[in-house]
2 protein chains.
Amino acid sequence: MSARELEHALRDAGVRITRQRSAILRILAEADDHPDANELYSRASALEPTVSLSTVYRTLSILEDKGVVHRLTFEGAPARFETADTPHHDHMIDLETGDVIEFRSDKIEKLQAEIAAELGYDIVYHKLELYGRRKARNQAGRLGA
Amino acid sequence: MSARELEHALRDAGVRITRQRSAILRILAEADDHPDANELYSRASALEPTVSLSTVYRTLSILEDKGVVHRLTFEGAPARFETADTPHHDHMIDLETGDVIEFRSDKIEKLQAEIAAELGYDIVYHKLELYGRRKARNQAGRLGA
DNA sequence: TTAACTGCAAATCCTTTGCACGCTG
DNA sequence: CAGCGTGCAAAGGATTTGCAGTTAA
């Protein structure tokens with residue numbers, strides 16, 4: 001999602017585009033990892049030294065409200081953020097490095113809906129996170145050397 | 001899981017059973033909901049007025065380490081706890097009431113493992129939470145009255 | 001102009017910790 | 001009786017908020 005599109009989403013909602021917000025939007029648009037508020041704050045500070053962490057949080061909350069940004073709350077870590085342009089996906093978290101990998105499974109999505117239906121519920125949103133470690137490469141006998 | 005079993009798990013690990021811990025274990029054993037630390041604290045206080053919230057937290061951490069208790073960290077709410085005796089399951093959270101319903105799907109479990117394998121990972125643990133609302137009962141035309 | 005926005009510092013919430021004393025094994 | 005365990009109060013980290021000044025529209 002481009003910074004322009006994010007701005008548009010805000011403007012349409014009657015939200016003012018300030019220098020600080022503009023910087024945050026640009027940073028958010030070009031991030032292809034999943035930065036937390038503090039990380040976004042340092043990156044945005046480089047573009048616009050007057051941003052404060054409060055403004056980063058406030059802006060993220062608005063963007064989340066407008067549905068253009070998703071807040072990812074992983075186990076015992078500050079929330080991370082991503083723009084909501086990519087189709088729905090879930091996350092695998094590398095326990096060693098903290099890396100986040102996106103994936104998607106239509107089969108799982110469908111099963112979830114079925115389960116919820118059986119329990120008498122409509123799903124509003126869900127969270128599927130796989131926490132794991134890189135597989136040892138040469139496990140199947142073909143050991144190196 | 002009975003209080004006795006929980007005690008056993010601790011004793012085996014060389015952990016002392018104090019009056020406070022004993023009370024916490026009994027509460028934990030008989031809880032069939034998913035209480036948070038504070039709730040456990042109030043319930044345990046009734047049995048043993050000398051327990052403190054610190055001790056509740058400390059005891060829960062030990063039990064989690066020993067693998068006999070699971071810490072459930074749902075969206076923007078204090079952690080909830082459950083004894084680890086039931087086989088693995090996931091949770092559906094009622095957004096209106098906060099109720100937690102357990103469910104299990106072998107199909108989903110299997111799909112998760114497959115996905116992780118494809119990504120080159122071994123799953124250490126995962127988290128699947130469905131957040132939803134009770135289905136309106138008479139949606140399919142058969143409206144009441 | 002003026003209502004929305006800002007940075008700052010202080011406040012919140014949940015959880016953990018340091019300390020001096022108490023109690024289990 | 002040696003440590004582990006305790007309560008208390010204070011510290012901690014992430015996030016939110018009150019306030020008085022600033023700025024976009």
Side-chain angles (χ1 to χ4, degrees), chain A residues 3 6-28 34-42 44-66 69-81 98, chain B residues 3 6-28 34-42 44-66 69-81 98:
Chain A
L6 289 171
E7 255 191 58
H8 196 77
L10 289 193
R11 243 190 257 281
D12 278 4
V15 175
R16 288 183 185 172
I17 307 302
T18 60
R19 270 175 299 124
Q20 294 85 338
R21 279 182 182 161
S22 170
I24 295 168
L25 297 183
R26 265 175 289 153
I27 289 300
L28 217 34
H34 300 78
D36 61 23
N38 205 56
E39 176 63 26
L40 288 167
Y41 169 53
S42 5
S45 295
L47 293 188
E48 173 53 64
T50 69
V51 294
S52 70
L53 187 53
S54 310
T55 292
V56 171
Y57 273 112
R58 281 192 271 234
T59 302
L60 287 169
S61 294
I62 296 172
L63 291 167
E64 192 191 9
D65 276 3
K66 301 309 169 205
V69 155
H70 289 151
R71 179 186 300 254
L72 313 174
T73 57
F74 300 135
E75 294 283 70
R80 291 161 162 245
F81 300 84
Chain B
L6 288 171
E7 254 192 58
H8 197 76
L10 288 194
R11 244 190 256 284
D12 278 4
V15 175
R16 288 184 186 168
I17 307 302
T18 61
R19 270 175 297 124
Q20 293 85 339
R21 279 182 183 162
S22 170
I24 295 167
L25 298 183
R26 264 176 290 154
I27 290 300
L28 218 33
H34 301 78
D36 62 23
N38 204 57
E39 177 63 26
L40 289 167
Y41 169 53
S42 5
S45 296
L47 294 188
E48 173 52 63
T50 69
V51 295
S52 69
L53 186 53
S54 310
T55 292
V56 171
Y57 273 112
R58 282 192 271 237
T59 303
L60 287 169
S61 294
I62 296 171
L63 291 167
E64 193 191 9
D65 276 2
K66 302 308 170 206
V69 153
H70 289 152
R71 180 187 299 255
L72 313 174
T73 56
F74 299 134
E75 293 284 69
R80 290 160 163 246
F81 299 85

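Just so it is clear: chains get the letters A, B, ... in the order the sequence lines come, proteins before strands, and each one is counted from 1. All figures in this text were calculated on a predicted structure; none of them were measured in a lab.
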Gap between atoms [atom1] and [atom2], on [X] and [N] respectively (whole Å):
X: B:Q20; N: D:dC8; atom1: CD; atom2: C1'; result: 14 Å
X: B:R80; N: C:dC14; atom1: CZ; atom2: C1'; result: 15 Å
X: A:E48; N: D:dT22; atom1: CD; atom2: P; result: 16 Å
X: A:N38; N: D:dG13; atom1: CG; atom2: C1'; result: 11 Å
X: A:L40; N: D:dA14; atom1: CG; atom2: P; result: 14 Å
X: A:D36; N: D:dA14; atom1: CG; atom2: P; result: 8 Å
X: B:I17; N: C:dG25; atom1: CD1; atom2: P; result: 7 Å

Check the phosphate of [N] against [X], side-chain N and O only, distance under 4.0 Å to OP1 or OP2. Yes or no?
X: A:R21; N: D:dA24; answer: no
X: B:R11; N: C:dG25; answer: yes
X: B:T18; N: D:dT6; answer: yes

Please collect all salt bridge (Lys or Arg N to Asp or Glu O under 4.0 Å) contacts where either partner lies in residues 48-63 of chain A, sequence neighbours excluded, each pair once.
-> A:R19-A:E48

Using every non-hydrogen atom in the two residues, find where [X] and [Y] come nearest and quote the distance to one decimal.
X: A:A23; Y: A:L47; answer: O-CD1, 4.0 Å
X: A:Y41; Y: A:V51; answer: CE1-O, 3.3 Å
X: A:T73; Y: A:A79; answer: CG2-CB, 4.2 Å
X: B:A37; Y: B:L53; answer: O-CD1, 3.9 Å
X: B:P35; Y: B:L40; answer: CG-CD2, 3.7 Å

With sequence neighbours excluded, tell me which residues meet ring-ring contact (aromatic ring centres under 6.0 Å, His included) with A:H34.
-> A:H91

Under a 4.0 Å heavy-atom cutoff, the residues of residues 52-65 of chain A touching DNA chain C are A:S52, A:S54, A:T55, A:R58

Looking only at side-chain atoms of B:R19, point me to the closest of C:dT24, C:dC14, D:dA14.
-> C:dT24

Hey, what are the protein-to-nucleotides 1-3 of chain C N/O distances that come in under 3.5 Å?
{"from": "C:dA3", "atom 1": "N3", "to": "A:R16", "atom 2": "NH1", "distance (Å)": "3.4"}

How would you list, by chain and number, every residue that makes a side-chain contact (heavy atoms from CB on, under 4.5 Å) with B:I62, sequence neighbours excluded?
-> B:L10, B:V15, B:R21, B:K66

Mind checking what makes side-chain contact (heavy atoms from CB on, under 4.5 Å) contact with A:E64, not counting sequence neighbours?
-> A:R71

